[in-house]
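Predicted, not measured: the structure shown is a model, and the values here were computed from it.
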Amino acid sequence: MIVIKVKKGEMIDKAIKRLKKAMDKEGIIKQVRATRYFEKPCSKRRKKSERARARARSIARRQALPPVLPNL
């Protein structure tokens, strides 16, 4: 459970920002969005494989780039 204590004289906006950052770090928002609607297991698998393919393409693209030469 995340606990954010509002400091004396601190603006509420800053406290909310700290709360959101802590929730994002814990992955709570991502989990809530994922469980908001029912998703069929085949759709979950498809999404997971698409993410893995995109990640692999990104890594391959980065490795294929020539090394950056220093400016002379």
Could you tabulate the donor-acceptor pairs under 3.5 Å formed by side-chain atoms of residues 20-35, not counting sequence neighbours?
from  : atom 1 : to    : atom 2 : distance (Å)
Thr35 : OG1    : Gln31 : O      : 3.0
Thr35 : OG1    : Val32 : O      : 3.4

Step by step, would you call Glu39 with Lys47 a side chain to side chain contact (heavy atoms under 4.5 Å, CB included)?
CA-CA 11 Å; Glu39 189 175 7; Lys47 255 188 202 177; 3.3 Å; yes
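- To the nearest 0.5 Å, the span separating CG on Leu19 from NZ on Lys14 amounts to 15.5 Å.
- Using a 4.0 Å cut-off between charged side-chain N and carboxylate O, Glu10 and Arg18 make a salt bridge.
- The NZ atom of Lys40 sits 10.5 Å away from atom CZ of Arg45, with the distance rounded to the nearest 0.5 Å.
- Nearest heavy-atom pair across Ala15 and Ile4 is O-CG2, 4.0 Å.
- Distance check: Lys48 NZ to Ser43 OG gives 14.5 Å after rounding to the nearest 0.5 Å.
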